[in-house]
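Below is one structure; the comments refer to it alone.
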Amino acid sequence: MQDVTEEQTQGKGSVTLSTPVQYVKGVGPARAATFERLGVRTVEDLLEYFPRDWVFAPERIKIAQMKPQEPAAIVGLVESIDYQRYRRQPLLEAIVSDETGVCRIVWFHGGYLRDQLQLGQLVMLSGKATVFKHQLQMTNPKFMMLDERHTEPDRYFSGGVYPATAHLSSRQIKKIILPLLDHLEELIDEFHDESYRKEASLIGRKEAFAWIHMPPDERKLAQAKRRLKYDELFLMQLGLALRRYRTQHYASAVPCTLSDEIDSRIRRRFPFLLTHDQDACIAEIAEDMGRTRPMNRLLQGDVGSGKTVVALYAALLAIANKTQAAIMAPTEILASQHFLSMERYLKGSQVRRVLITGGLTGKKRQEVLTQIGQGEIDIVVGTVALLQKDIEFQNLGLVVIDEQHKFGVHQRAELRKESAPHGLVMTATPIPRTLAMTAFGDLDVSVIAHCPPGRGAIVTRWVDRRDRQRAYDFMRDRLRAKKQAYVICPRIAAVEETGNDIKAATDTWKELSEEVFPEFNVALLHGRMPSPEKQQIMTDFRKGRIDVLVSTVVVEVGVDVPNATIMVIETADRFGLAQLHQLRGRIGRGESKSYCLLFAETDNEVATSRLQVMTRTNDGFEIAEQDLRIRGPGELFSARQHGLPDLKIANIVDDLDLLMLARRHAFRMVTEDPALRQPEHANIRRALLARFGGSLGLADIA
Ligand code: ADP
Ligand code: MG
């Protein structure tokens, strides 16, 4: 570390992409800490700390060329300064001249400028010209003294506006980044040869970095953005292409064959006929699992569409082929839910199954782990965290990950290191198929589009304050008819804040149990309760011993209680559309009609349109689309969600065309040079390793 420090502080020439920001001119330890919070650690991060907006200084002209109402930038000498303190609005007035004329400059409340402006000084001013008393005037312009230290006024008036913090302004960030642009020649490597750049209309990578921070004009800015987005998408697709290549050519899984006998034995476990969609997904999965190439499939379907049944089919197919299956969920509640619903189907079967929870410790745990290691257990269910820890399977044939809303590509990659089981990822987030295939690159996709029959409809209503009592009366009727209800609150406990009416679960529980529904059993569930207690409450609710469950979003995922036909969502305007839809998926699971009551007061436009969409439709794909429209694609499809490094500038929805172009290019490159060993790919290989590290198994190609 010491050596690095010395070397890097010696001269500018030794700055590299991996130089820590601390050693960059103008940074130091305190600012380095601030940068750290912005995710900026190295010079490379600084160069990729892209502006959120750009300003272009007006063209520099002579005073005589100024026209009223038009923006202008002029350079002139300060001829006089006059501070008029006693006016109703104190103002600082200066007269500035060049060889073509004079202009009056006014700064209202400009007293603080008296120390900065000096007679006879050269100054650059930028603003809009006006005419006042037949004289040209600029009011409150941006300005800069021109002297030996400030020789680049254009850089000062134009360029990027950076995402700033309280401790680091956009201007300070700009001052740190701009000097780095003089070293782009040494710092930035080109990825693509000229003929490809020409074909794809891409400018050079060095230019792109220069122009994104300091664009000469709008057109060049657009070119810079396009190039940098392309590279980002290209590296992502290249990572996916390489991983796909590796699994297709090197990894090998146990082929699981499906006979008619196995098929009918598995189907006998289900007390219903599988739907057409379930059958189609199973056919795709069985075909994948029959190969030695590991399956890598995403199973998409709305909440309650019957994914778990499909996953269980796959697990039983793996077991019929003498291998083990692991089923992982994001939370313990969901894991135990999976386990319980499996129990329903597996009662009386010879399949040996176990649920691993955080509560399983010590000798008991050791025993179970030994059994798993010796192949005495067929299905292991647990959270992703628990199953990845230290469990050794004897012969793992299938891993099912229930991601709900996320896509943890990393998690699968990690698990794949030693063995190569077949992989099935389930998600309830509807993603348009084309997007899924491009963004998730190496996954195949199966979709359950329609729910099983016999589902009662869900009626959704937006309830405001005046109707709250009537809503409670309505609930009381349903509760008397032995139906159950969820009441969801956005937070656990109230926050001491004025003017805050976000409902807290603890308060709501008190109110409902003591005042509104004293005659019913009202229970509370939230994430801070100890795990065994949560499990107990869910069990009691499932068994009908609890009438009303007041809860935070911990019930969001996977809970399946067909008798719960009412859901109240408190302060519903606080939830995102996708989340509201997920929550609502907890009801409408039985045959009777269900009711979702959204309690909300809002005049916020976005919240209003969310609530309106909710009352209008139950269709998850339509809701996802509306969500995209209302909120923009950012969160829903952010790279973070599928486990890849954040995309800093590209967006896989808005830049779909560019993504497709990059994808074709990346996959072609991997076909031609799967180890990226050709000399012309050296820069790309280096960048790829720097970006993904070992997470994509790319160390093999280093
Ligand atoms: P998901 O995992 O997609 O949320 P589940 O597999 O948990 O959905 O299924 C939701 C409910 O539908 C469960 O109660 C399940 O027993 C039931 N179910 C699943 N498939 C069918 C089917 N083909 N016919 C009738 N009911 C089904
Ligand atoms: Mg489920």
Side-chain angles (χ1 to χ4, degrees), residues 263-264 266-285 297-317 325 327-331 333-347 349 355 379 381 400-407 424-431 445-458 484 486 538 541-544 553-565 567 578-579 581-592 594 618-621 623-624:
D263 178 66
S264 59
I266 296 177
R267 281 173 197 270
R268 239 177 280 143
R269 290 272 137 218
F270 303 121
F272 37 68
L273 285 176
L274 298 186
T275 64
H276 172 80
D277 287 357
Q278 284 171 321
D279 276 337
C281 292
I282 284 170
E284 290 170 340
I285 289 169
R297 188 167 282 279
L298 179 72
L299 176 61
Q300 244 193 79
D302 220 338
V303 274
S305 60
K307 296 184 295 297
T308 309
V309 168
V310 172
L312 183 57
Y313 186 106
L316 294 175
L317 175 57
I327 299 182
M328 308 189 199
T331 65
I333 289 194
L334 188 54
S336 68
Q337 179 69 38
H338 274 307
F339 190 72
L340 281 169
S341 57
M342 270 174 27
E343 286 302 289
R344 241 180 19 222
Y345 303 122
L346 296 181
K347 208 170 276 165
S349 88
L355 172 68
I379 301 187
V381 183
V400 177
I401 302 185
D402 188 354
E403 299 261 79
Q404 290 295 329
H405 323 299
K406 292 190 242 74
F407 307 93
L424 182 66
V425 182
M426 299 193 281
T427 178
T429 303
I431 311 164
V445 183
S446 295
V447 179
I448 305 184
H450 304 98
C451 284
R455 294 287 167 79
I458 303 179
Q484 292 164 281
Y486 296 101
M538 278 319 300
F541 188 63
R542 202 172 296 118
K543 298 209 165 145
V553 294
V554 290
V555 297
E556 186 181 344
V557 284
V559 180
D560 189 5
V561 182
N563 191 48
T565 58
M567 173 170 286
Q579 201 173 21
H581 179 63
Q582 296 294 337
L583 286 166
R584 182 172 59 182
R586 300 301 114 219
I587 56 170
R589 300 201 142 219
E591 295 196 353
S592 16
S594 290
N618 278 319
D619 177 343
F621 279 87
I623 288 182

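Whatever order the structure lists ligands and atoms in, that order sets their numbers, starting from 1. These numbers come from a predicted model, not from an experiment.
A donor-acceptor pair shorter than 3.5 Å cannot be found between the side chains of Arg542 and Asn563. A donor atom on one side chain and an acceptor atom on the other are found under 3.5 Å apart for Ser446 and Arg297. No donor-acceptor contact under 3.5 angstrom links the side chains of Gln300 and Thr427, judged on distance only.
With Asp302 as the fixed residue, the side-chain hydrogen bond (donor to acceptor under 3.5 Å, both in side chains) test singles out one of His581, Gln582, Lys307: His581.
Side-chain atoms of Val445 and Val447, non-hydrogen and from C-beta on, do get closer than 4.5 Å to each other. For the pair Leu299 and Val425, the minimum side-chain heavy-atom distance is 4.5 Å or more. Between Val561 and Tyr486, some side-chain heavy-atom pair lies under the 4.5 Å cut-off.
Contacts with ligand 1 closer than 4.0 Å are made by heavy atoms of both the backbone and the side chain of Ser305. If you look at Val310 next to ligand 1, there are no close heavy atoms at all, none under 4.0 Å.
The local environment of CD in Glu343 is crowded, with over 12 non-hydrogen atoms from other residues, nucleotides or ligands closer than 6.0 Å.
Residue Leu274 has at least one heavy-atom neighbour below 4.0 Å for each of these atoms of ligand 1: 23 (N). Heavy-atom contacts of Asp302 reach the following atoms of ligand 1: 3 (O) (cutoff under 4.0 Å). Atom numbering of ligand 1 starts at 1 in the shown order; those under 4.0 Å from a heavy atom of Thr275 are 23 (N). With ligand atoms numbered from 1 in the order given, ligand 1 contributes 1 (P), 3 (O), 5 (P), 6 (O), 8 (O), 9 (O), 19 (C) to contacts under 4.0 Å with heavy atoms of Gly306. Short contacts between ligand 1 and Tyr345, defined as distances under 4.0 Å to a heavy atom of the residue, involve ligand atoms 15 (C), 16 (O).
Among Gln337, Gln278, His338, the residue whose heavy atom lies nearest to atom 23 (N) of ligand 1 is Gln278. Considering Arg589, Arg455, Met426, Lys307 only, the shortest heavy-atom separation from atom 11 (C) of ligand 1 involves Arg455.
At a 4.0 Å cut-off, at least one heavy atom of Leu273 sits close enough to ligand 1 to count as contact.
No N or O atom of Pro453 sits closer than 3.5 Å to an N or O atom of ligand 1.
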